[in-house]
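One structure is given here, and the rest of the page talks about it.
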Amino acid sequence: MTRYDPRTAEPRQRARWEAAKAFVTPTGETGRPKYYVLEMFPYPSGNIHMGHARNYVMGDVVARHKRAQGFDVLHPMGWDAFGMPAENAAMERGVHPGDWTWSNIAAMRDQLKLLGLSLDWSREFATCDPAYYGKQQAWFIELLKRGLVYRKEGVVNWDPVDNTVLANEQVIDGRGWRSGAEVEKKKLTQWFLRITDYADDLVEGLASLDRWPEKVRLMQANWIGRSTGARVTWPLKGDVPSGFESVEVFTTRPDTLYGASFVGLAPDHPLSAAIAQRSSEAAAFIAECKKGGASQAEIDQAEKIGFDTGLTAIHPLDPTRTVPVWIANFILSEYGTGAIFACPAHDQRDLDFARKYDLPVIPVVRPDGAGEDFAVADEAYVGPGRIFNSADLDGLDVEAAKKAAVARIEAAGLGEGATVYRLRDWGVSRQRYWGCPIPIIHCEACGPVPVPADQLPVELPKDVTFDVPGNPLDRHPTWKHVKCPSCGADARRETDTLDTFVDSSWYFARFTDPTADAPIDKAAANRWLPVDQYIGGVEHAILHLLYARFITRALSDAGLMEVKEPFAGLFTQGMVVHETYKAADGKWVEPTDVEIVADGDRRTATRRSTGETLTIGDIEKMSKSKKNVVAPEEILEAYGVDAGRLFVLSDSPPERDVQWTTGGVEGASRFVQRVWTEFDGFDPAKTGDARLDEALRRETHKAIKAVSEGVEGFRFNAAIAKLYAFVAVIRAHAEAGGEARREALSALARLIAPFTPHLAEECWARLGQDGMVLDAPWPDYDPALVTDDELTLPIQINGKRRGEVVMPRGAPEDQVREAALANPAVQAYLVSVSQSVRKVIVVPDRIINLVAG
RNA sequence: GCGAGCGUGGCGAAACUGGUAGACGCAAGGGACUUAAAAUCCCUCGGCCUUUGGUCAUGCGGGUUCGACCCCCGCCGCUCGCACCA
């Protein structure tokens, strides 16, 4: 009997896989179906952490399982390698961002390889590789030609710490998503991608993504924020600034037009600005509005305030009516037209405003059953009902009135039905060095000219300095000075680089043939896309996943590939969390320095190095700041990769967070030993008895069924629990014959292979099987063996279990009923409560319930 | 405020489609082996009671059903996302 030693076995098996080039993706006509498994590729920060490990292990389980099921599997890995941290390192430590990034990649690649993942490393690339970003520049120019890229001066979100522009998606609570700095507004000329052209399609497409979490689809739909209604023009009266003879509003409630009591303008609406030019009062009011912060709390508390401009607007459906024009702080210039008409009776914000400034509240929708005198007090009525007080719209329901009102507005030439979106075009210019250069040359005479194809890639210059803030490309002595490709005159290279989210918006397509001349090889893309199973953190639910869906559509429309949705299946996994420990001085203490002593249900923590008592804090995401990090390498050293892989999947459902505990990984390690013990003690010549052999066979087939269902349903924790139980069963059948035990162990080796691949190979070899378990087919179960011939049926009386009866499977109902009624435990109970049976419910092969009284 | 999800032992969690609640693991307690420890193995492990049994128990209160962790109604709590979106 030998002890299993992962420290020798695991490297031995990895060397075997490597020597056999086992994970190189099959190419050419194999006749097998394809399966593309992808985990969101990592940013090369320098270290693989537990969260990465769990993510990649999940993908690996899927990849290995699909391979065993006979699929050709594509399972690649690469690096999302551009971005700010490399430049920060350059500024702090004087290293070049490229050197820093590439050495991180080398370190992380080595760490990843220790995890025994079935990755095709021959397809590896980093987005900072000119061979990759040059192709990105090529399709960028393609999209430019198709009008999907444009340049515009606009107000941008400026991150004063990172010294760059941020997309709307990258501003969270008014702060930069990376730096946390309060975002400033700044006017800049920027490159934009026309994602709004695809707004409708991106919403519609969500419906087809039936293997995405509902939550992510909802988040995307909300982000795009489509709403349908109408644009309505209100002619203005009074002392109107020139050029503003009317104002256009957007509304989703054209049915309530007759309930209008004022027209409202955003403080930064052009008309507001024009009014401010001649009225210092208005200017002061607008300044007041801008004071408020953008944070949640500030918006919650912000009071609705307004300023009466003195202008009036003529009602578009009734020229005899006019309403006042106000500037109000709660109107957003970025949404719709930046102007509204207010119907206080049927909109809470409008109502609050109207009450405050004593404006009329005119109800025009009344719920069924309400009379002519229907009125609202402090709560706007937003429900369904019939229109009244509204001329010829009277009597219509809300939906019909919307249509009728739009038709009338259109007939009057004062507007039309319209759909607006919350989604804005994607600003992709970043004033940074470490990114993909935007392949454009600016010429005085010709304007912005794309870099000709034969001059791609536009490579980043290596000789740059980071000693002063700002973009090093901008101050590089020679790089930006070029000739205009069109007229030959002196011209200037674009020095902005692309948002790194562009890099990750198409890498999954490049993986299908990373050496292709074209950005995407169509045949390879058609073979492999869409990604069948994409796995990553839910934090990418909007940004990355929305951008990738957009770019996929744009590139397909440009003829570069032929899929619409990049990710057919999406799984968002939970994080790895750990307890935190705090010393009396408030400093966090790392787990390796903590000794936990349990006394019954109470646990106390002591610091090993000093002996002081620690406070056990919350269970939180592993982070350097809380020092609650457990490095994968340490675990692999102590328990082996397989135990670590098993544990990160065994303790919680994959979509939920898993709490890292030493005890847990020790348990997994014990399981690894128990598995080995069964194989190591295997004696093929052993004779057993027929009943025991049969029992083991049944258990084997039941285990195959349960584990297969667990793996397929992404219930890895449940699958692993079944494996634990199966090993206990095998052990309990130690006296079964060699043949039955071989069947059980052969199945076990293949069932554990996705989770603990090294151990599985060792076991497979110990069984004397040829080749690698990696290539062995996934075991099938015999349906006849997973159902028992005899069943123990519980007998309930009034819903409480009072006894049980053993019956043959499929026993006729009256026979079951007889047996249940004759059951001694049942009889005894009925006597003790002096009740008799009134009714018998038999659920075949399940349960019997006696209704007694 | 709007939307989504969740709430089960000391802890992580199981429970297929409404059919024996707590599988599996951790922690804990007891025992075997050992000079001792580690490792390993065996037993106990939701609460209470008169313990071969009874009774209560899946956040709380109702309901539907022969039967509810599961379905319905109303609360409470937690987590996530969005947020003055017209």
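In what follows, chains are A, B, ... by sequence order, proteins preceding strands, each numbered from 1. Predicted, not measured: the structure shown is a model, and the values here were computed from it.
Summary of the strand contacts: A:Phe330 and A:Val538 both lie near RNA chain B, and taking for each the nucleotide with the nearest heavy atom, the more 5' one is attributed to A:Val538.
Residues satisfying the salt bridge (Lys or Arg N to Asp or Glu O under 4.0 Å) test with A:Glu399, not counting sequence neighbours, are A:Lys402. For A:Glu620, the salt bridge (Lys or Arg N to Asp or Glu O under 4.0 Å) partners are A:Lys626, not counting sequence neighbours. For A:Phe250, there are no ring-ring contact (aromatic ring centres under 6.0 Å, His included) partners at least two apart in sequence or on another chain.
Relative to the ring axis of A:Trp223, A:Arg422 places its NZ or CZ within 45° and under 6.0 Å from the centre.
Dashed line: the shortest gap from a side-chain N or O of A:Tyr335 to OP1 or OP2 of B:rA86 is under 4.0 Å. In terms of phosphate contacts, A:Asn222 brings no side-chain nitrogen or oxygen within less than 4.0 Å of OP1 or OP2 of B:rC2. OP1 or OP2 of B:rA86 has at least one side-chain nitrogen or oxygen of A:Ser227 nearer than 4.0 Å.
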Determine all donor-acceptor pairs shorter than 3.5 Å in which one atom belongs to a side chain in residues 831-843 of chain A; sequence neighbours excluded.
residue	atom	partner	partner atom	Å
A:Ser832	OG	A:Tyr829	O	2.7
A:Arg838	NH2	A:Gly853	O	3.2

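Among B:rA13, B:rG12, B:rC84, the nucleotide with an atom closest to any side-chain atom of A:Asp651 is B:rG12. Of the listed nucleotides (B:rA83, B:rC84, B:rC24), B:rA83 has the atom at the smallest distance from the side chain of A:Arg422.
One finds no salt bridge joining A:Lys304 and A:Asp350 here, because no Lys/Arg side-chain nitrogen approaches an Asp/Glu carboxylate oxygen to under 4.0 Å. Using a 4.0 Å cut-off between charged nitrogen and carboxylate oxygen, A:Glu804 and A:Arg801 count as a salt-bridge pair.
Within residues 659-669 of chain A, the residues approached by RNA chain B to less than 4.0 Å at the level of any non-hydrogen atom are A:Gly663, A:Gly667, in residue-number order. For the contact set between residues 339-347 of chain A and RNA chain B, defined by any heavy atom under 4.0 Å, the members are A:Ile340.
When the P atom of B:rC26 is taken as reference, atom CZ of A:Phe647 falls 10 Å away, rounded to whole Å. Rounding to whole angstrom units, CG of residue A:Leu791 and P of B:rG19 are separated by 16 Å.
For RNA chain B, each stem of at least three Watson-Crick or G-U pairs (distances under 3.5 Å) is given as range with range: B:1-7 with B:76-82, B:10-12 with B:24-26, B:28-32 with B:40-44, B:46-49 with B:53-56, B:59-63 with B:71-75.
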Collect all protein-nucleotide pairs involving nucleotides 54-56 of chain B in which both atoms are nitrogen or oxygen and the distance is under 3.5 Å.
residue	atom	partner	partner atom	Å
B:rU55	OP2	A:Arg802	NH1	2.8

For nucleotides 36-45 of chain B, give me every protein contact, N/O to N/O, under 3.5 Å, one pair per line with atom names.
residue	atom	partner	partner atom	Å
B:rC41	OP1	A:Arg731	NH1	3.2
B:rC41	OP1	A:Arg731	NH2	3.2

List, with names and distances, any nitrogen or oxygen atoms from the protein found under 3.5 Å away from nitrogen or oxygen atoms belonging to nucleotides 4-9 of chain B.
none

What are the atom names and distances for every N/O pair under 3.5 Å that joins the protein to nucleotides 63-73 of chain B?
residue	atom	partner	partner atom	Å
B:rC66	O2'	A:Asn849	ND2	3.0
B:rC66	O2	A:Asn849	ND2	2.5

Contacts under 3.5 Å, N or O only, protein and nucleotides 48-52 of chain B:
none

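Other residues, nucleotides and ligands contribute at most 12 non-hydrogen atoms within 6.0 Å of the CZ atom of A:Arg7. In A:Lys403, the NZ atom is not crowded: 12 or fewer heavy atoms of neighbouring residues, nucleotides or ligands sit closer than 6.0 Å.
Glycosidic conformation at B:rG74 (O4'-C1'-N9-C4 for purines, O4'-C1'-N1-C2 for pyrimidines): anti, more than 90° from 0.
Side-chain atoms of A:Lys304 come within donor-acceptor range of the base of B:rC84, with a qualifying N/O pair under 3.5 Å.
Residue contacts shown for A:Ser650 are absent, as no nucleic acid heavy atom lies under 4.0 Å away.
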